[in-house]
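Written out below as structure tokens is the structure these notes cover.
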Amino acid sequence: MISYKDLGLVNSRELFAKAVKGGYAIPAFNFNNMEQMQAIITAAANTKSPVILQVSKGARNYANQTLLRYMAQGAVEFAKELGVDVPVVLHLDHGDSFELCKSCIEYGFSSVMIDGSHLPYEENVALTRKVVEYAHQYDVTVEGELGVLAGVEDEVSAETHTYTRPEEVEDFVKKTGVDSLAISIGTSHGAFKFKPGQKPQIRLDILHEIEQRIPGFPIVLHGSSSVPQDIVKEINQYGGKLVDSIGIPEEQLREASKSAVCKINIDSDGRLAMTAAVRKVLVEKPAEFDPRKYLGPARDKLTELYTHKIINVLGSNNQI
Ligand code: G3H
Ligand code: 13P
Ligand code: ZN
């Protein structure tokens with residue numbers, strides 16, 4: 001058993017309480033490799049923002065859980081070298097079983113998500129409760145989910161949204177003991193959320209009803225990429241073939257982050273930014289074969305994107 005506390009990591013409890021009061025959201029960015037981790041930490045240090053490093057089941061399979069944990073541990077030191085003591089949470093994204101959550105906790109994660117949102121309500125309650133009971137023994141915080149997002153979540157995909165039912169949240173939070181709750185109010189996973197011409201609108205009315213039922217309780221938004229059109233254009237300009245699509249408008253996320261929404265998950269926009277930078281280098285310099293020459297610019301573009309998100313979308317800058 002490795003405790004995250006010995007690794008210099010923190011759980012999400014205090015960060016969320018402060019974010020809810022302060023009207024901003026903590027960035028939760030996914031990482032699978034060193035360049036993503038460096039970009040996330042550089043953006044967080046430069047803006048003085050706390051940060052959540054998220055690891056999906058897919059990331060674990062790709063990069064190995066132990067290596068990712070060492071990277072997160074190193075991230076704390078890396079931030080200090082950049083001159084800022086950044087609070088870093090190492091979080092399991094979309095945990096789908098008790099065993100996976102337990103394993104991450106034993107390997108030094110400070111926070112886990114148990115995603116029982118596809119299960120019947122009582123089964124979701126029972127599974128989430130079981131994870132909370134285990135996690136809290138080690139002061140690891142737990143995120144649960146109610147309602148189903150459209151799009152692809154790891155290996156599970158749903159055609160349409162099932163919005164979170166506000167009448168269920170109080171009972172769920174009470175019965176499970178979760179520390180935060182992911183809700184479904186119109187965001188969705190992936191880079192193909194809406195067709196151009198559609199008018200994405202997150203359901204702030206549902207969010208506000210939920211907030212009235214569980215005042216001050218930390219709320220999480222998944223699927224919050226905005227699919228920046230200039231980046232999609234750049235990918236296609238350099239040989240990509242992405243179909244036109246739009247994401248969640250950044251102004252709507254900024255609005256949501258002023259409420260009890262205290263964690264916003266962004267992954268796809270980062271993937272798009274890195275892809276655009278890599279494509280540009282490989283097209284403009286076809287003789288290049290040193291990975292540092294295309295991963296370096298990809299890292300820079302990702303740092304720029306995440307700096308923008310932290311300041312203009314989440315409002316979490318200058319919170320350390
Ligand atoms: O919600 C899913 C995240 O974007 C992680 O995606 O499962 O492909 O690593 P992944
Ligand atoms: P996006 O696909 O919109 O970036 O969402 C990521 C996410 O919710 C990770 O859990
Ligand atoms: Zn998600």
Side-chain angles (χ1 to χ4, degrees), residues 12 25-33 35-37 39-40 43 51-65 67-68 71 89-97 100-101 104 109 111-118 142-158 161-162 164 180-194 200 202 219-229 231-232 242 245-250 252-253 256-257 261-276 302 305-306 308-310 313-314:
S12 62
I26 312 283
F29 299 137
N30 291 68
F31 87 113
N32 302 263
N33 61 39
E35 283 78 8
Q36 288 173 315
M37 183 277 285
I40 295 168
V51 77
I52 298 172
L53 287 173
Q54 295 204 133
V55 172
S56 69
K57 195 173 162 186
R60 251 175 116 247
N61 292 340
Y62 173 78
N64 179 282
Q65 165 169 292
L67 288 177
L68 289 170
M71 248 190 263
V89 176
L90 177 61
H91 175 77
L92 169 67
D93 192 26
H94 294 285
D96 60 358
S97 68
L100 175 57
C101 292
C104 287
F109 282 53
S111 174
V112 292
M113 175 188 192
I114 177 67
D115 182 357
S117 61
H118 298 88
V142 180
E143 175 184 323
E145 180 166 340
L146 266 182
V148 183
L149 273 66
V152 182
E153 282 179 15
D154 248 335
E155 282 113 42
V156 186
S157 74
H161 308 282
T162 307
T164 306
S180 60
L181 182 67
I183 60 169
S184 170
I185 54 169
T187 62
S188 55
H189 288 102
F192 310 104
K193 300 186 197 297
F194 303 96
I202 54 177
I219 301 295
V220 177
L221 287 189
H222 283 247
S224 299
S225 278
S226 299
V227 192
Q229 296 300 291
I231 296 180
V232 173
L242 291 183
S245 152
I246 55 176
I248 310 296
E250 291 189 337
Q252 291 182 26
L253 294 166
S257 70
V261 169
C262 63
K263 171 176 180 270
I264 291 187
N265 289 10
I266 297 172
D267 185 12
S268 299
D269 283 356
R271 296 178 180 195
L272 292 170
M274 290 190 89
T275 301
L302 191 57
L305 176 88
Y306 285 157
H308 158 72
K309 296 283 182 188
I310 287 171
V313 183
L314 301 141

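These figures come from a predicted structure and were not determined experimentally. Just follow the structure's listing: the first ligand is 1, and inside any ligand the first atom is 1.
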Answer with side chain, backbone, both or neither: which part of Ala191 has a heavy atom less than 4.0 angstrom from an atom of ligand 2? neither
Closest heavy-atom contact between Ser117 and Gly147? CB-O, 3.3 Å
Atom 10 (O) of ligand 2: closest protein heavy atom, distance to 0.1 Å, is Asp93 OD2, 2.7 Å
What are the atoms of ligand 2, with element, lying closer than 4.0 Å to any heavy atom of His222? 8 (O), 10 (O)
Can you check which of His94, His189, Arg271 brings a heavy atom nearest to atom 8 (O) of ligand 1? Arg271
When the ring planes of His222 and His189 are compared, do they come out parallel, tilted or perpendicular, using 30° and 60° as the limits? perpendicular
Name of the residue among Leu149, Thr164, Val261 meeting side chain to side chain contact (heavy atoms under 4.5 Å, CB included) with Ile183: Thr164
Specify the closest pair of heavy atoms between Leu272 and Pro228, including all atoms of both residues, with the distance to one decimal. CD1-CD, 4.4 Å
Would you say His94 and Glu145 make side-chain contact, with heavy atoms under 4.5 Å? yes
Between Ile264 and Ile266, is any pair of side-chain heavy atoms under 4.5 Å apart? yes
Would you check whether Asp267 has a nitrogen or oxygen atom less than 3.5 angstrom from a nitrogen or oxygen atom of ligand 2? yes
Within ligand 1, which atoms have a heavy atom of Asn30 less than 4.0 Å away? 3 (C), 5 (C)
Rounded to 10°, how many degrees is the angle NE2/His189-the Zn ion (ligand 3)-NE2/His94? 100°
I'd like to check whether Asp267 has a polar contact with ligand 1, where a contact means an N/O of the residue lying under 3.5 Å from an N/O of the ligand. yes
With the Zn ion (ligand 3) as the reference point, give the N/O/S atom of His222 that is nearest. ND1
For His94, the ligand 2 atoms with a heavy-atom partner under 4.0 Å come out as 10 (O)
Please could you name the atoms of ligand 1 that Asp93 approaches to less than 4.0 Å, counting only its heavy atoms? 1 (O), 3 (C)
Measure Asn265 to ligand 1 on non-hydrogen atoms and call it side chain, backbone, both or neither using the 4.0 Å cut-off. neither
Taking atom 8 (O) of ligand 2 as the reference point, the nearest protein heavy atom with its distance: Gly223 N, 2.8 Å
Using distance alone, decide if ligand 1 has a nitrogen or oxygen within less than 3.5 Å of any nitrogen or oxygen in Ser56. yes
Give a yes or no on whether the backbone of Pro200 and the side-chain of Gln252 come within a donor-acceptor separation of less than 3.5 Å. yes
Under a heavy-atom criterion of less than 4.0 Å, does Ser188 contact ligand 2? yes
Short side-chain to backbone donor-acceptor contact, Ser245 and Ala191, under 3.5 Å: yes
Enumerated ligand 2 atoms positioned under 4.0 Å from heavy atoms of Asn30: 9 (C)
Report the nearest protein non-hydrogen atom to atom 7 (C) of ligand 2: residue, atom name, distance rounded to 0.1 Å. His189 CD2, 3.4 Å
Atom 3 (O) of ligand 2: closest protein heavy atom, distance to 0.1 Å, is Lys193 NZ, 2.5 Å
Ser268 heavy atoms, cut-off 4.0 Å: which ligand 2 atoms fall inside? 1 (P), 2 (O), 4 (O)
Nearest heavy atoms of Asp93 and Asn265, plus distance in Å: OD1-ND2, 3.7 Å
May I ask you to test the Thr162-Ser184 pair for a side-chain heavy-atom distance under 4.5 Å? no
Evaluate the side-chain proximity of Lys309 to Glu250: yes if any heavy-atom separation is below 4.5 Å, no if none is. yes
Enumerated ligand 2 atoms positioned under 4.0 Å from heavy atoms of Ile266: 4 (O)
Interatomic distance, CE@Met37 vs CG@Asn30, rounded to 0.5 Å, equals 15.0 Å
